[in-house]
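Counting begins at 1 with the first residue of the sequence.
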Amino acid sequence: MNAEFNWWLLIVGLVVGGGLVWFVVADSRRREADVDDHERPREALWLSTVLEREGHRVDVAAAERMLVLHQAYLAAVPPDPEPDQEPVSTGSLPTTDPSAATSDTPNRGAPASPATADDGPTQ
């Protein structure tokens, strides 16, 4: 009886171990933190090329600046909800119409000027 139990433990251990390895490897997407300063110009060139193929003219330097600003946006503290807007819980949909927003970044305040953009979004 002891030998059968050892085989059962081996099989269960292999299945559980394989599941853990799959879970770790399955989420191998690159994150914003994975892109370093040396790679950003190549990413900006790629963005500029793709957008130009789609009919939008975006300068490589402008694309690189947008990537830097995006990184600053993600590094900033999450925005506070507007006073007249209820916080959205994870289990419900927003009650406001997203097309009624006056900005592409609701709840972030006015866009920062180029001189203050490195400070992150306004609250």
*Between Ala63 and Ala44, what is the shortest heavy-atom contact and its length?*
CB-O, 3.7 Å
*Inter- and intrachain pairs under salt bridge (Lys or Arg N to Asp or Glu O under 4.0 Å), touching residues 45-61, at least two apart*: Glu52-Arg57
*asked:* Hydrophobic clustering (ILVMFWY, side-chain heavy atoms < 4.5 Å, transitive) - are Met66 and Leu74 grouped together?
replied: no
*Identify whether Ile11 and Leu20 are in the same connected component of the hydrophobic contact network (ILVMFWY, side-chain heavy atoms under 4.5 Å).*
no
*Say whether Val12 and Phe23 are linked into one hydrophobic cluster, either directly or through other cluster members, by side-chain heavy-atom distances under 4.5 angstrom.*
no
*Could you tell me the separation between the CG atom of Leu47 and the NE2 atom of His56, rounded to the nearest 0.5 Å?*
12.5 Å
*Apply salt bridge (charged side-chain N to carboxylate O under 4.0 Å, His left out) to Asp36 and list each qualifying residue two or more places apart in sequence or on a separate chain.*
none
*Can you check whether Val60 reaches Thr49 side chain to side chain, under 4.5 Å on heavy atoms?*
no
*Glu43: partners by salt bridge (charged side-chain N to carboxylate O under 4.0 Å, His left out), with sequence neighbours left out*: none
*Decide yes or no for Trp7 and Leu10: does some side-chain heavy atom of the first lie under 4.5 Å from some side-chain heavy atom of the second?*
yes
*In Å, rounded to the nearest 0.5 Å, how long is the span from CZ of Arg40 to CG of Leu45?*
14.5 Å
